[in-house]
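Per chain, numbering begins at 1; letters A, B, ... match sequence-line order.
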Amino acid sequence: MQSGLCHSSTLLAANNMSCSTTVAIGNSVFPPNSNSKSRNSQNRREVISLLQKCKHYQIPQIHAKIIRNGQDQDPFVVFELLRLCSNLKSIDYASKVFRRTQSPNVYLYTALIDGFVSSGYYLDAIRLYCQMVNEFIFPDKYAITSVLKACGFGLALEEGREVHAQALKLGLSSNRSIRMKLMGLYGKCGEFESARQVFDEMPEGDAVAATVMITCYAEYGLVEEASGVFDGLREKDTVCWTAMIDGLVKNGEMNRALEVFRDMQRKNVWPNEVTLVCVLSACSHLGALELGRWVCSYIDKNNIECNCIVGGALINMYSRCGDIDGAVEVFSRMKKRDVSTYNSMIEGLAMHGKSTMAIEMFREMMKRGLKPNSITFVKVLNACSHGGLVELGFEIFHSMTNSHGIQPQIEHYGCVVDLLARSGRIEEAYSFIERTKMAPDHIMLGALLSACKIHRNLELGERVAEMLVNCDDADSGTFALLSNVYAASGKWKEAARVRALTKEAGTPKEPGCSLIEVNNEIHEFLLGDIRHPQKENIYRKLEELNPVLKREGYSPATEVVLHDIGERQKEWALAIHSERLAICYGLISTKPCTTLRIVKNLRVCNDCHSMIKLIAKITKRKIIMRDRHRFHHFENGACSCGDYW
DNA sequence: TTAGGGTTAG
């Protein structure tokens, strides 16, 4: 939340302006002392009409005209001026105009409170409201609505409750807008009993009120409660459907989100651009390329503007679903691009191992006058890291402070550690961490540990492992990696200790899960999954493949399995990693030569990686797989990651 | 003669 006082900006010094002897508005000139009511109201109408058409840079000019006309105390004119400043985000100017108004009425207070809210100065808005009440100016329904908005965004629950009490006293509590803001206030503050009470007292069937409730519930992860409100509403409009879809997406319920979207279509409710952005986000997570492509053509056919948000969502969808060419095509067709557009494109290219193109994109962005932000540098440094561009990476890292005035944060340092470690300069990466004097996070240490494992530097690996065990923020993925490193060097006790630590910390290992889209439907597989209706055929395919793979020289790399179990059991456990099941299902349910696209939630293990390379070779298929870190394009026995991931 | 609705990416 932003708070505190507004920053100062230049304001036309009203007191220094002399009143002219003629009053000029637009092209008309009136003689002085012509105070007839009709002329005044004509002048006012003209100025108000000018204000309504005014651009940001014209504010001082038109304000000067208002002062010259002697209209700077006219509440109607000042009201329009304040609204204009607020809409154009000139809140400093607005507050100075307000301060020069001798006796502001409730309209002017409300206009400035609204201005503070839309600029994010919630505390200022609440203070101004208090000032108004202290001046014995009675709040009306508009003032109360505005200050409740401020209380909601500013999470000022106590102040909000006081305003609620005032609304009750003033007999305004049944006003629909006020109720809506009260729901928003209580919902944002997690006071669902109060929010629900206000909602239940409202007339049934109000889609807007239901949307507010759904959004509040979803923000707190209360998906079932949100769903309950949604299902209980008979007539749902586009925004309400969208809020439900978005709520599910934000809570990781992608399949349910797409189900709701399909239901929306069955009920003939038209999606708008916001709906489509939410659906695209679900597609991105699931790797649902077919549906994503459908959304893309829907946008084209229905002339929906491909603005930066829609375009960015499309780029993310294509690149995260494994179709980087599709992402590039969307990017090149976009008429307007901002930093986020470039960030998405750079990220996509980097994830697909196209580091040089990612760097070119970064340069093109700067050539076009767009300033890279902190996120841009994370993406570009990642590209350098995946492409082994160590020197260039360093150059870009240093340019952050030297040329762009951006202070590197822990994620940037993490990128440099990854950059060095990946290329085998592990000791250098370690001393870089020491030099930064910043407590390393689990991502940084994880990158280093991963490199220790790949470059077989177990001595340093152990030192890093100790640091990781003592690291507060390590997640299940990092612990799994650590446990893997111990298991790989036969240190079963340590491996077990890490597993126990993970349990203690309440971060059990996330179960491996792979998704594949076939005929517009997402199929989900877990380790050794037997839920799929085609399970017999899937496992038969797996058995069929095993001897062929062995003939091709595949031998299971059993050390990647964590538990200290017998060789045959290890082999068996490896054989049913979720990605293998997804691939076998893809093989039996698509035509020969069809590219298979898999999305996996964890990092692919060594063994599956070698096996998939061979499957791609034997079956003459392209297999594109997204794991937790990047994309792997398997083709003809090789992988685009160059066996480093 | 002054004003008000809920849903979007990174």
Side-chain N or O of [X] closer than 4.0 Å to phosphate OP1/OP2 of [N]:
X: A:Lys250; N: B:dT8; answer: yes
X: A:Asn316; N: B:dG10; answer: yes
X: A:Arg83; N: B:dG4; answer: yes
X: A:Arg320; N: B:dG10; answer: yes

Could you work out which one of [options] sits closest to the side chain of [X]?
X: A:Val208; options: B:dG10, B:dA3, B:dG6; result: B:dG6
X: A:Phe76; options: B:dG10, B:dG6, B:dT2; result: B:dT2
X: A:Asp246; options: B:dG4, B:dT7, B:dA3; result: B:dT7
X: A:Asn105; options: B:dA3, B:dT2, B:dG6; result: B:dT2
X: A:Thr145; options: B:dT7, B:dG4, B:dG10; result: B:dG4

Near-parallel close stack of A:Trp241 and B:dT7 base (under 5.5 Å, under 30°): no
Quick one: label [X] by what it contacts on the DNA or RNA (base, sugar-phosphate, nothing), any heavy atom closer than 4.0 Å.
X: A:Cys240; value: base
X: A:Asp74; value: nothing
X: A:Ala210; value: nothing
X: A:Asp140; value: base
X: A:Lys141; value: base
X: A:Asn307; value: nothing

Taking DNA chain B as the partner, which of residues 215-237 of chain A come within under 4.0 angstrom of it by heavy atom? A:Thr215, A:Asp237
Does anything in residues 254-278 of chain A reach DNA chain B, meaning a heavy atom under 4.0 Å, and if so which residues?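 When residues 254-278 of chain A is checked for heavy atoms under 4.0 Å from DNA chain B, the hits, listed by number, are A:Asn272, A:Glu273, A:Val274, A:Val277.
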Side-chain donor-acceptor distances from residues 177-184 of chain A under 3.5 Å, at least two apart:
{"residue": "A:Arg179", "atom": "NE", "partner": "A:Ser173", "partner atom": "O", "Å": "3.4"}
{"residue": "A:Arg179", "atom": "NH1", "partner": "A:Glu201", "partner atom": "O", "Å": "3.4"}

Pairing residues for A:His285 by the ring-ring contact (aromatic ring centres under 6.0 Å, His included) criterion, not counting sequence neighbours: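 Applying ring-ring contact (aromatic ring centres under 6.0 Å, His included) to A:His285 gives none.
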Partners of A:His404 by ring-ring contact (aromatic ring centres under 6.0 Å, His included), sequence neighbours excluded? A:Phe377
In chain order, what residues pass the salt bridge (Lys or Arg N to Asp or Glu O under 4.0 Å) check against A:Asp74, with sequence neighbours excluded?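 By the salt bridge (Lys or Arg N to Asp or Glu O under 4.0 Å) rule, A:Asp74 matches A:Arg44.
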Listed partners of A:Lys250 passing salt bridge (Lys or Arg N to Asp or Glu O under 4.0 Å), at least two apart: A:Asp246
Can you give each donor-acceptor pair under 3.5 Å made by side-chain atoms of residues 303-313 of chain A, sequence neighbours left out, with the distance rounded to 0.1 Å?
{"residue": "A:Asn307", "atom": "OD1", "partner": "A:Ile309", "partner atom": "N", "Å": "3.1"}
{"residue": "A:Asn307", "atom": "OD1", "partner": "A:Val310", "partner atom": "N", "Å": "2.8"}
{"residue": "A:Asn307", "atom": "ND2", "partner": "A:Glu273", "partner atom": "OE2", "Å": "3.1"}

When you check the side-chain N and O atoms of A:Tyr129 and A:Gln166, is any donor under 3.5 Å from an acceptor? yes
Got a sec, which pairs hit salt bridge (Lys or Arg N to Asp or Glu O under 4.0 Å) with one end in residues 211-238 of chain A, sequence neighbours left out? A:Glu224-A:Arg256
Any salt bridge between A:Lys267 and A:Asp263, counting N to O under 4.0 Å?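 A:Asp263 and A:Lys267: salt-bridged.
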